[in-house]
Protein chains: 2
Amino acid sequence: MTSDSLTDLSIFFAKVEELQGHFIERLRKAVEVPSVSANAESRNDVFKMSEFLKVEMESLGIDVELKPLGTEPGTSLDLPPIILGRYGRDRQKPTILAYSHYDVQPASLSDGWDQDPWKLEITPDDKLRGRGTSDDKGPLLNWLNMIEAFQALGQDVPANLLFWFEGMEESGSTGLRAALEEEASKFVADADAVCITDTIWASSSQPSITQGLRGVLFYILSITGAKQDAHSGMFGGQISEPMTDMVSIMSSLVDSSGNILVPGILSQVSPVTVEEKSRYESLQLSEQDLDCGIGARSLHENAVDVLISRWREPSLSLHRIENAMPGAGATTCIPARINGKFSIRTVPNMEASEVDRLVQHHIKNHFKQLGSKNDLEIKCVHQSDWFFEDASHWNYQAAINATKAVWNHEPGVTCEGGSIPVALDFKQVLKKNVLLLPVGRPTDGAHSVNEKLDKINYINSIKVYGSYLAETARLWKAR
Amino acid sequence: MTSDSLTDLSIFFAKVEELQGHFIERLRKAVEVPSVSANAESRNDVFKMSEFLKVEMESLGIDVELKPLGTEPGTSLDLPPIILGRYGRDRQKPTILAYSHYDVQPASLSDGWDQDPWKLEITPDDKLRGRGTSDDKGPLLNWLNMIEAFQALGQDVPANLLFWFEGMEESGSTGLRAALEEEASKFVADADAVCITDTIWASSSQPSITQGLRGVLFYILSITGAKQDAHSGMFGGQISEPMTDMVSIMSSLVDSSGNILVPGILSQVSPVTVEEKSRYESLQLSEQDLDCGIGARSLHENAVDVLISRWREPSLSLHRIENAMPGAGATTCIPARINGKFSIRTVPNMEASEVDRLVQHHIKNHFKQLGSKNDLEIKCVHQSDWFFEDASHWNYQAAINATKAVWNHEPGVTCEGGSIPVALDFKQVLKKNVLLLPVGRPTDGAHSVNEKLDKINYINSIKVYGSYLAETARLWKAR
């Protein structure tokens, strides 16, 4: 970022600071609407939240349309609308499509919250605590806060904005992909780049920008022996037992050191570059950042290897083995049919179809060698590609410059081990650069009790949003 | 059996035939009491059943005592009493301790019964249908029926009888072992041999006497990694996964052909003798007898190998792998702690403590070789020895002779693959020969819908009981 653009924004930064009490009140109102998308009883509150946002947005001069998505498949329950918003139509500026979501995870005092999760509390150490503060109401409202701060200064917002605010993110983003395809040549056609703010820093102490996400292939392996469960006293030794085949197949997929044993899988993995490795080495990550308090036993000695294993290497996890017959099944039964579930996390440049081919081939081959009398079925029931964006793109460079300017700290360019389906949806449908711009920290407890957003993250992100748009405008023109 | 003793009993057989309508009415009254021991709501009916039997027994001159067992552990629910009965004190006759149980499995029309399970129906093909007909009310009442037939003839019952009728057999025989130990030097002290009628023929068309039961060692294997379940996207590849160790250990225990892979286990197995094998070859067993309708894939080509695998060879079955953390666990989680359950069925002359030592050694050794960072715990949570009686004992010979005389068919001397804990209890506490004398057939559906007992089995068993006692008296004197 040039010192020029920094100077330009110092007044904006000051205005944001000045208005912070007002912005916190806006978040307070939003937290009070328990817009939980997961259950039918609270669906009205999700709608209420969309109306609240429409009013807030329109008061700032944003053109708003609530795009209905019909009913939830298999139910008569209406899906909450996508809030489509447009602000600015200046052809001299880039148009940024901003994605956030206004639904939240369930929460109740009985889960162990220290407070009513639907009342915003400001803790003595300046954390804004309440359901949705970090995921994702705070990040969403900051787009409005940012516009309001510019308006208060009588300044134009540096880029045109399209808003795509979703109400079903915590419940599988039902209807989003179809809506996006429908709007590809309409509402979102003008977008030059996408900015998704539904992520968090990789470190609890250092800002970061998310560049990559792993993909996933999820498998269900079914092995069938008898027509019904058998008593192991009566039949043990007489009959072919599906569980024996299952553990043999599963133990042929991955070893106790986490090595994937399916031949050929690793050959598609693009090597970690020296540049990436040194970038990971410079990240400020604590033990807590790496473990997240789950007390896991790490397979790796140092932080960089941990990060590489999470972000840039595939993994294969065995999730569960379940009795697939109806009924509980006696403890001593020989299960007649069992399902095994496992998934593979993929990284650049693994091709999902090739991974699937190798996995299926390996399992069928291993099963054949067992000489089992049982039947095998294997299905890849879910498949989502990895995501990896070029951080040298103006969209990323704008975010990196903005973050550095606001936080006075070089942000890490990082990855996440899990997937964010909407990132892929926007990438695949719009074919534009998709930026993942984090607002909160890994300590926020997004899906847990006592969710919070640090006040400094809430307020500084407004500044980041403004700086980011200013930088997109500058770099977009210069591209 | 000598032709003499056969002749002696022809009048008895005729009397049994004559009284069959009366005996069926006795069974009808017993079936109408839904003495389900499994749930608290029906506990009163189990007590009602004990009272019904007390009255019936006393009307035949049997001395009856209802031995209270206190409350069910962890509840305030009274346990049903053991019905202790004594009939005859002639020191010139042997004393046979007869065991049966008066509680039954649950049953309801909604399970798929073709009739009210608590009303005895006589089908057109002469099956006595209703809950408990085969397991174990029919076999129990036959002791009373047999006494009544001798009394109707003015004849003495050929042996002294002690009755031990239990009301918790279908619910783990709670309290039985302690009661038996308490009565070892008292009520049961006089027993010369034991006769348990809670079994069925091995074949649906040929009578049999049960000589052996397999033992069982049941294991729970726990593997612990993290303190809580982890998201596989975030942590896959970074952390040590307990499931990977679990499937590796489990696949080291048994192969898809049913071979136990734990070193040393098989060396204790006493070889099947030529005599046993030829005995098994002469059994009349149908496909249905071997498969019981479960549609299993057999590991063996012919019937004798099937029988040997069930009765005379150990087996190792993997039952389930369960997430041991509270909560359902997301589908894509890495379980932090899992339990694996498996059991080993044992045969003569395997020693349980040695089997346990070998299993524990093998698993700990295999786990060590994995180099896993997780923790392993292994517990043998249930252990019950195999049971194998000498069929040349007078108690068995009496049953074999009696069965042949009544059914006009050489009975098979067979085993069962499962365990019957009370058989071992009586064996271990009394140290007398314990006979397993079947009444019903494998098609009876003892724990299933439409339980039945063939009328011919009900009536012929009365004759078998009488003949058996006559033969015990003859052989006991001649021993």
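The figures that follow rest on heavy atoms only: side chains count, while hydrogens, waters and symmetry mates do not. Note on naming: letters A, B, ... go to the chains in the order of the sequence lines (proteins, then strands), and numbering restarts at 1 for each one.
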Rounded to the nearest 0.5 Å, how far apart are SG of B:Cys333 and CZ of A:Arg320? 6.0 Å

Would you say the side-chain atoms of B:Arg297 pair up with the backbone N or O of A:Asn374, donor to acceptor, closer than 3.5 Å? no

Engaged part of B:Glu241 at the chain A interface, taking heavy atoms whose separation is under 4.5 Å: side chain

Inter-residue atom distance B:Met234.CE - A:Ser315.OG, 0.5 Å rounding: 13.0 Å

Which heavy atom in A:Gly418 sits nearest to a heavy atom in B:His231, and how many Å separate them? CA-CE1, 4.4 Å

From B:Ile338 CD1 over to A:Leu318 CG, what is the distance, rounded to the nearest 0.5 angstrom? 8.5 Å

Note: vs chain B, highest number of non-hydrogen pairs under 4.5 angstrom among A:Arg310, A:Met250, A:Met246, A:Gln228 is A:Arg310

For A:Arg345 and B:Gly237, indicate whether the former's side chain and the latter's backbone hold a donor-acceptor pair under 3.5 Å. no

Looking only at heavy atoms, which two atoms of B:Ser240 and A:Leu299 are closest? And how far apart? N-CG, 3.7 Å

Pick whichever of B:Gly340, B:Pro335, B:Gly258 has the most heavy-atom pairs under 4.5 Å with chain A. B:Pro335

Of the backbone (N, CA, C, O) and the side chain (C-beta and beyond), which part of A:Asp291 lies under 4.5 Å from a heavy atom of chain B, both, or neither? backbone

If one checks every heavy atom of B:Thr224 against chain A at 4.5 Å, the contacting part turns out to be both

Residue A:Glu313 versus chain B: region with a heavy atom under 4.5 Å: neither

Please find the pair of heavy atoms, one from B:Asp229 and one from A:Ile294, that lie closest to each other, and give the distance. O-CG2, 4.4 Å

Are any of the side-chain heavy atoms of B:Val247 and A:Ile321 separated by less than 4.5 Å? yes

When you compare the side chains of B:Thr332 and A:Ser343, does any donor N or O come within less than 3.5 Å of an acceptor on the partner? no

Nearest heavy-atom approach of B:Thr244 to A:Ser256 is CG2-N, 3.8 Å

So which of B:Gly371, B:Ser372, B:Ala296, B:Pro314 has the biggest tally of heavy-atom pairs under 4.5 Å with chain A? B:Ala296

Given a strict heavy-atom distance threshold of 4.5 Å, which part of B:Lys373 is in contact with chain A: side chain, backbone, both, or neither? both

Okay, B:Val254 and chain A: the region with an atom under 4.5 Å from a heavy atom over there is both

If I measure from the heavy atoms of chain A, does B:Asp255 come under 4.5 Å with its side chain, its backbone, both, or neither? backbone

In terms of heavy-atom proximity below 4.5 Å to chain A, should B:Leu307 be classed as side chain, backbone, both, or neither? neither

Atom group of B:Gln238 that falls short of 4.5 Å from chain A, counting heavy atoms: both

